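Quick note: residue numbers are just sequence positions, from 1. Because the structure is predicted, anything quoted here is derived from the model rather than measured.
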Amino acid sequence: QVQLVESGGGLVQAGGSLRLSCAASGRTFGGYTMGWFRRAPGKEREFVAAITWSFGNTFYADSVTGRFTISRDNANTTVYLQMNSLKPEDTAVYYCAAGPDGSRFYLTRTSRYNYWGQGTQVTVSS
(Lines give C-alpha, C1' and ligand atoms only; values in the text may rest on other atoms or scores of the structure.)
Protein backbone atom coordinates (compact mmCIF):
# COMPACT_ATOMS: atom_id res chain seq x y z
CA GLN A 1 0.00 0.00 0.00
CA VAL A 2 1.03 3.56 -0.71
CA GLN A 3 -0.49 6.41 1.26
CA LEU A 4 -0.62 9.81 -0.42
CA VAL A 5 -1.27 13.11 1.34
CA GLU A 6 -1.67 16.34 -0.61
CA SER A 7 -1.04 19.82 0.75
CA GLY A 8 -0.55 23.36 -0.48
CA GLY A 9 -4.01 24.19 -1.76
CA GLY A 10 -5.76 27.43 -0.97
CA LEU A 11 -7.31 30.61 -2.31
CA VAL A 12 -5.35 32.72 -4.78
CA GLN A 13 -6.13 35.53 -7.19
CA ALA A 14 -6.02 35.01 -10.93
CA GLY A 15 -2.45 35.28 -12.18
CA GLY A 16 -1.05 34.03 -8.91
CA SER A 17 0.87 30.87 -8.06
CA LEU A 18 0.58 27.88 -5.77
CA ARG A 19 2.73 24.83 -5.20
CA LEU A 20 1.03 21.59 -4.32
CA SER A 21 2.89 18.79 -2.56
CA CYS A 22 2.11 15.11 -2.31
CA ALA A 23 3.90 13.09 0.34
CA ALA A 24 4.05 9.33 -0.16
CA SER A 25 4.48 6.77 2.59
CA GLY A 26 4.07 3.05 3.04
CA ARG A 27 5.30 0.79 0.29
CA THR A 28 8.35 1.92 -1.65
CA PHE A 29 7.90 5.07 -3.67
CA GLY A 30 10.17 3.71 -6.33
CA GLY A 31 8.79 2.37 -9.57
CA TYR A 32 5.63 4.46 -9.57
CA THR A 33 4.57 7.12 -11.95
CA MET A 34 3.06 10.02 -10.03
CA GLY A 35 0.16 11.96 -11.43
CA TRP A 36 -1.99 14.95 -10.61
CA PHE A 37 -5.67 15.07 -11.47
CA ARG A 38 -8.39 17.56 -10.65
CA ARG A 39 -12.15 17.68 -10.34
CA ALA A 40 -14.01 20.91 -10.80
CA PRO A 41 -17.59 21.28 -9.50
CA GLY A 42 -20.00 19.38 -11.71
CA LYS A 43 -17.25 17.90 -13.86
CA GLU A 44 -15.41 14.62 -14.22
CA ARG A 45 -11.99 14.10 -12.73
CA GLU A 46 -9.43 15.11 -15.35
CA PHE A 47 -5.75 14.58 -15.95
CA VAL A 48 -3.41 17.46 -15.17
CA ALA A 49 0.17 16.16 -15.19
CA ALA A 50 2.30 13.05 -14.65
CA ILE A 51 5.95 12.21 -14.13
CA THR A 52 7.33 8.72 -14.72
CA TRP A 53 9.67 6.85 -12.44
CA SER A 54 11.97 5.34 -15.05
CA PHE A 55 13.18 8.45 -16.90
CA GLY A 56 11.35 11.28 -15.22
CA ASN A 57 9.34 11.92 -18.38
CA THR A 58 6.65 14.51 -17.89
CA PHE A 59 3.23 14.86 -19.49
CA TYR A 60 0.73 17.69 -19.23
CA ALA A 61 -2.83 18.42 -20.17
CA ASP A 62 -3.05 21.00 -22.93
CA SER A 63 -4.90 23.36 -20.61
CA VAL A 64 -1.96 23.63 -18.20
CA THR A 65 1.04 23.28 -20.53
CA GLY A 66 3.42 26.18 -20.04
CA ARG A 67 1.86 27.15 -16.70
CA PHE A 68 2.21 24.06 -14.50
CA THR A 69 5.34 22.04 -13.73
CA ILE A 70 5.43 18.61 -12.13
CA SER A 71 8.54 17.37 -10.33
CA ARG A 72 9.49 14.68 -7.87
CA ASP A 73 11.98 14.32 -5.06
CA ASN A 74 12.61 10.61 -4.81
CA ALA A 75 14.78 10.95 -1.71
CA ASN A 76 11.96 12.62 0.17
CA THR A 77 9.22 10.63 -1.59
CA THR A 78 7.39 13.79 -2.55
CA VAL A 79 5.93 15.00 -5.81
CA TYR A 80 5.17 18.64 -6.51
CA LEU A 81 2.93 20.60 -8.83
CA GLN A 82 4.03 24.19 -9.35
CA MET A 83 1.10 26.16 -10.70
CA ASN A 84 1.72 29.61 -12.19
CA SER A 85 -0.52 32.07 -14.01
CA LEU A 86 -3.55 30.54 -12.38
CA LYS A 87 -6.95 31.09 -13.91
CA PRO A 88 -10.44 30.83 -12.39
CA GLU A 89 -11.01 27.70 -14.50
CA ASP A 90 -8.20 26.01 -12.58
CA THR A 91 -10.47 25.97 -9.53
CA ALA A 92 -10.88 22.34 -8.48
CA VAL A 93 -9.98 19.71 -5.96
CA TYR A 94 -6.53 18.43 -6.91
CA TYR A 95 -5.64 14.79 -6.36
CA CYS A 96 -2.30 13.04 -6.30
CA ALA A 97 -2.10 9.49 -7.64
CA ALA A 98 0.45 6.69 -8.03
CA GLY A 99 0.55 3.94 -10.62
CA PRO A 100 2.83 1.93 -12.91
CA ASP A 101 4.85 3.56 -15.66
CA GLY A 102 3.38 3.71 -19.13
CA SER A 103 2.88 5.82 -22.21
CA ARG A 104 0.97 9.08 -22.26
CA PHE A 105 -2.06 7.24 -23.61
CA TYR A 106 -2.36 5.34 -20.36
CA LEU A 107 -1.04 7.87 -17.89
CA THR A 108 -3.78 10.38 -18.64
CA ARG A 109 -6.41 7.88 -17.49
CA THR A 110 -7.61 7.57 -13.90
CA SER A 111 -7.84 3.79 -14.30
CA ARG A 112 -4.05 3.58 -14.61
CA TYR A 113 -3.50 4.64 -11.02
CA ASN A 114 -3.73 2.33 -8.03
CA TYR A 115 -3.41 4.81 -5.19
CA TRP A 116 -5.04 8.17 -4.58
CA GLY A 117 -4.82 10.95 -2.05
CA GLN A 118 -7.79 12.69 -0.46
CA GLY A 119 -7.36 15.87 -2.46
CA THR A 120 -6.64 19.51 -1.75
CA GLN A 121 -8.86 22.42 -2.75
CA VAL A 122 -7.53 25.11 -5.07
CA THR A 123 -9.70 28.18 -5.59
CA VAL A 124 -8.73 30.92 -8.04
CA SER A 125 -10.66 34.16 -7.78
CA SER A 126 -11.11 36.52 -10.71
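At least one side-chain heavy atom of Met83 sits under 4.5 Å from a side-chain heavy atom of Leu20. Thr108 has its side chain out of reach of Phe59: every pair of non-hydrogen atoms, C-beta onward, lies at least 4.5 Å apart. Side-chain contact between Cys96 and Trp36: present, with at least one pair of heavy atoms (C-beta onward) separated by less than 4.5 Å.
Using a 30° and 60° split on the angle between ring planes, Phe37 and Phe47 fall in the perpendicular class, above 60°.
Summarising the geometry of Ala14 relative to Ser126, their closest heavy-atom pair is CB-CA, 4.3 Å, with the distance given to 0.1 Å. For the pair Thr91 and Pro41, the tightest heavy-atom approach, listed with the atom from each and the gap, is O-CD, 4.3 Å. Across every non-hydrogen atom of Asp90 and Ser85, the tightest pair is OD2-O, 4.4 Å. Considering every non-hydrogen atom in both Ile70 and Met34, the closest pair reads CD1-O, 3.7 Å. Considering all non-hydrogen atoms of both residues, Leu86 and Arg67 come closest at CA-NH1, 3.9 Å. Minimum interatomic distance between Ala49 and Tyr60 (heavy atoms only, all atoms of both residues): CB-CD2, 3.6 Å.
Annotation: the span from Thr69 atom OG1 to Leu81 atom CG amounts to 8.0 Å, rounded to 0.5 Å. Here the OG-CD distance, from Ser125 to Gln13, works out to 5.0 Å after rounding to the nearest 0.5 Å. Distance CZ/Arg72 to OG1/Thr33: 7.0 Å, rounded to 0.5 Å. The OG1 atom of Thr120 lies 10.0 Å from the OH atom of Tyr95; values are rounded to the nearest 0.5 Å. Rounded to the nearest 0.5 angstrom, Tyr94 OH and Ser7 OG are separated by 15.0 Å. Annotation: the span from Ser63 atom OG to Phe68 atom CZ amounts to 7.5 Å, rounded to 0.5 Å.
Formation of a donor-acceptor pair under 3.5 Å by the Tyr113 side chain with backbone atoms of Leu107 is found in this model. Checking side-chain atoms of Gln118 against main-chain N and O of Val5 turns up no donor-acceptor pair under 3.5 Å. Judged purely by atom type and a 3.5 angstrom limit, Thr65 uses its side chain to pair as donor or acceptor with the backbone of Ala61. Between the side chain of Arg109 and the main chain of Phe105, a donor-acceptor pair closer than 3.5 Å is present. Judged by distance alone, the side chain of Glu46 and the main-chain N or O of Arg38 form no donor-acceptor pair under 3.5 Å. Judged by distance alone, the side chain of Arg112 and the main-chain N or O of Asp101 form a donor-acceptor pair under 3.5 Å.
Every residue two or more places apart in sequence or in another chain that forms a side chain to side chain donor-acceptor pair (under 3.5 Å) with Thr123 is listed here: Gln121.
Counting heavy-atom neighbours within 6.0 Å of Tyr106 OH, excluding the residue itself, gives a total of 12 or less.
In terms of hydrophobic clustering, with Ile, Leu, Val, Met, Phe, Trp and Tyr side chains grouped at heavy-atom distances under 4.5 Å, Val124 and Val93 are assigned to different clusters.
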